[in-house]
Amino acid sequence: MPARSIEQIRNLCKRRGFIFPGSAAYGGLGSFWDYGPLGVEMLHHIKRAWWRSTVYERNDMEGLDGAIITSRKVWQHSGHEATFSDPLVDCKKCRARHRADHLTSNVCPKCGSADLTPPRSFNLMFQSHVGPVTAEAGTAEELASRVYLRPETAQTIFMNFKHVQTSLRRKVPFGVAQIGKAFRNEITPGNFIFRTREFEQMEIEFFIKPPQFVKEGEKTDEQWHEEWISQRYNWWLGLGVDASRLRKRAQDKAELAHYAKATTDLEYLFPDFGWGEVEGVANRTDFDLSAHSRDVPDADLARLKLEKNADSTETFDYFDPEAKARYIPWVIEPSAGVTRAMLAFLCEAYHEELVKEPEAAEIEAIKTEIPAVIKNAQKKAKEARKDKPEPAASAAGPAKFDPEAIEAFCTALDEMAARLPASLLEIDNLLEEHPGAANLEPVKKLKPKVNKMAEDCVRVVLRLHPTLAPVKVAIFPLKKNAPEIVDIAHRVTKQLSPFMRVQYDDSAGIGRLYRRQDEIGTPFCITVDFETLENNTVTLRERDTMQQTRVKIDELKHLLMQRLHLA
RNA sequence: GCGGGUGUAGCUCAGUGGUAGAGCAUCACGUUGCCAACGUGAUGGUCGUGGGUUCGAGUCCCAUCACCCGCUCCA
């Protein structure tokens, strides 16, 4: 069972050095996060896996790394400046939100109240200025020096379409991949690293023939779109996401962005907030390249609802030597979030498992206690049903005791109790999370007992795909007071270090050392023991199965490189 | 931005106006022959921040910030 809540992931991330709150010493800065030693490893692995699959393993892709700070003109002509910045006012009384420039007076059109917030600019782009500027906002001088932190990496790919095409002598169809940071001043960030104001994208602009130039037997824009959707979908599955928690969802007409002919989102089923977009694959047509081009036929401008671009010095077209024609290519854009990917992979990998049989006597004690809890709960449910006409469940909030929830809770608890001890973790979770369990006194008494027992018998393990694991191998001496064993453990560490991230640890008993590594998803642990002294073999312990095999030290590197997909 | 909640040691939390606490974690020493062992000791907190009430504030009041939940928003 993957993570039950984002909170679990957030705690683990902080405790074990994946992700820390940003600017923490000064009280934190809303929704900015710093990636710790393990987080940065994982980010690198995600990005490398993406780059390998989209650039190295194809023959029709090139890479790019564009500047983050970009001319204001880029975003004027891409359409972002206009669509990203409305001055809005809120009515404090009825909470309706209106565009300030649509108001005819200082009165809310909905309820007539004059109690409005001052207009706030909802420009989602972070801006700055190049050079020393003292000019007042909005003046020609200020606008001339204004720059934006890119809100997506895509536009810098468009700006470089011709550079890449000519310098690498590419023929359409081909694509350009970019990984990099993007910034959006989101009104409502949240859900840990799911929506943040600073984030990282992995984007591809794949340039293809416009429909009218597609010949018999060549792929249409729709076919390319489909191909990329399935290509990208499979990438997620290949890195360990279960198909039951990953879906393709085609956006309907109303949802589509102004530039897109079609978009399919890849969504992951997160705990707490459910399906969330981790990647979008859009058919952007020739909108973007046309928008940045100087010479575009009027008919195309009209079709794309674009103004003529007098600022641009370029036309982003392509001479097709076969068709002997010049055209502005269409674009398929697979655009994934690095940080969202990390959250999805962590949620997917998080598991709590029973690894020890609980004490039979304690299980019996709980078994006898549960029927009493159920009986009491049912009594409460009955009382609550009687009280229902009371205003308990009114606008003030949900009732303290919801009879239906309580009954559902009782049914579930009864079923689980029959399956003890195997269901210990489920019961622990049920007592903690089920709405029907809230506020019940006997539950409050039972909870710590179950929780304690569960904690004693459980291990937390990140079943990360080996490619994504921040630490690949941990190396322990079985006994840290045996110098000859410690010595070999150090030597093995040194031997493997150039090829993979390894961790040497001798600061606890062997069991604890294993658990620590399980919690950060280390696929393999190596233990140097007394047998090593006799025959030069070590114990190789696997994270997922906890099984141990003996491996010759000489063969370790080769074996690990294979098992970790490094060779 | 609105409503509700939370904020005390690295983590989980206790502490209802009178000397800042526990468990876990971390570190050191000893012990330890494979899945969260044990002993001894140590480190660690201006109680989110700022103001106020009070002889005295972690505790009461005001403001502010951050996070969580729900709205709103999300080209």
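Naming: A, B, ... by sequence-line order, numbering from 1 per chain. It should be emphasised that the depicted structure is a prediction, and the values quoted were computed from it without experimental measurement.
Nucleotide B:A66 is matched to B:U6 when pairs are restricted to Watson-Crick or G-U wobble geometry with both distances under 3.5 angstrom. Nucleotide B:C71 has B:G1 as its partner under the Watson-Crick or G-U criteria, with both atom distances under 3.5 Å. Summarising the base pairing, B:C47 is matched to no nucleotide, lacking a Watson-Crick or G-U wobble pair whose two defining distances lie under 3.5 Å. Figure legend. B:G18 is base-paired to B:C55; pairs are counted as Watson-Crick or G-U wobble with both atom distances under 3.5 Å. Partner assigned to B:G41 is B:C27, using Watson-Crick or G-U wobble distances below 3.5 angstrom.
When atom types are taken as modelled, the side chain of A:T532 and the backbone of A:T537 share a donor-acceptor pair closer than 3.5 angstrom. Checked by atom type and distance alone, the side chain of A:R543 pairs as donor or acceptor with a backbone atom of A:L462 at under 3.5 Å. Between the A:S423 side chain and the A:E426 main chain, no donor and acceptor come within less than 3.5 Å of each other. Listed for the A:T527 side chain is no donor-acceptor partner under 3.5 Å among the backbone atoms of A:L478. Not a single donor-acceptor pair under 3.5 Å links the side chain of A:H225 to the backbone N or O of A:I332. A distance-only check finds a donor-acceptor pair linking the side chain of A:Q178 to the backbone of A:T153 [under 3.5 Å]. The closest donor-acceptor contact from the side chain of A:R197 to the backbone of A:F32 lies at 3.5 Å or more, if one exists at all. Under the 3.5 Å distance criterion, the side-chain polar atoms of A:K480 are left unmatched by any main-chain donor or acceptor of A:S507.
Note on A:N191: only backbone sugar-phosphate atoms sit closer than 4.0 angstrom, heavy atoms only; bases stay farther off. No contact: A:E353 has no heavy atom under 4.0 Å from any strand. Across all strands shown, A:F476 has no heavy atoms under 4.0 Å from either base or sugar-phosphate atoms.
Comparing the same atom, P, in B:G45 and in B:A22 gives a spacing of 15 Å after rounding to whole Å. Here the separation of B:A14 from B:U59, taken at their C1' atoms, is 13 Å to the nearest Å. Separating the P atom of B:C69 from that of B:C34 is a span of 44 Å, rounded to the nearest Å. Comparing B:G21 with B:G58, their C1' atoms sit 12 Å apart, to the nearest whole Å. Comparing the C1' positions of B:U19 and B:C27 gives a spacing of 28 Å, expressed to the nearest Å. Atom name P, nucleotides B:A25 and B:G18: the rounded distance is 32 Å, in whole Å. Distance noted for atom C1' between B:U16 and B:C60: 10 Å (whole Å). Here the separation of B:U31 from B:C38, taken at their C1' atoms, is 7 Å to the nearest Å.
Summarising the geometry, the separation between CZ on A:R16 and C1' on B:C24 is reported as 11 Å, rounded to the nearest angstrom. When rounded to the nearest whole Å, the span between CD of A:E352 and P of B:A36 equals 16 Å. When rounded to the nearest whole Å, the span between CZ of A:F32 and C1' of B:C65 equals 15 Å. Protein atom CZ of A:R516 is 15 Å distant from nucleotide atom P of B:C24, rounded to whole Å. Rounded to whole Å, the distance from CD on A:Q251 to P on B:C74 is 14 Å. When the P atom of B:A36 is taken as reference, atom CD1 of A:I520 falls 18 Å away, rounded to whole Å. Computed from coordinates, the A:L12 CG to B:C11 C1' distance equals 12 Å when rounded to whole Å. Atoms CZ (A:R197) and C1' (B:C73) sit 12 Å apart, rounded to a whole Å.
Between B:C11 and A:K14, a contact under 4.0 Å exists linking OP1 or OP2 to a side-chain N or O. Residue A:R10 places at least one side-chain N or O closer than 4.0 Å to OP1 or OP2 of B:C68.
Between A:F192 and A:F194, the distance separating the two ring centers is not shorter than 6.0 angstrom.
If you check distances only, the side chain of A:R195 does reach the base of B:C74 with a donor-acceptor pair under 3.5 Å.
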Per-nucleotide protein contact along nucleotides 28-35 of chain B, 5' to 3', at a 4.0 Å heavy-atom cut-off (B base, S sugar-phosphate only, - neither), is ---BBBBB
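Residues from residues 269-277 of chain A placing a heavy atom under 4.0 Å of any atom in RNA chain B do not occur.
Sequence order on RNA chain B of the closest nucleotides to A:Y259 and A:L513 puts A:L513 first from the 5' end.
The cationic atom of A:R563 (NZ for Lys, CZ for Arg) does not lie both less than 6.0 Å from the six-membered ring centre of A:F524 and within 45° of the ring axis. At least one cation-pi condition fails for A:R249 and A:W275: the charged atom is not both under 6.0 angstrom from the six-membered ring centre and inside a 45 degree cone around its axis.
The aromatic rings of A:W75 and A:H80 stand perpendicular to each other, their planes meeting at an angle above 60°, with 30° marking the opposite boundary.
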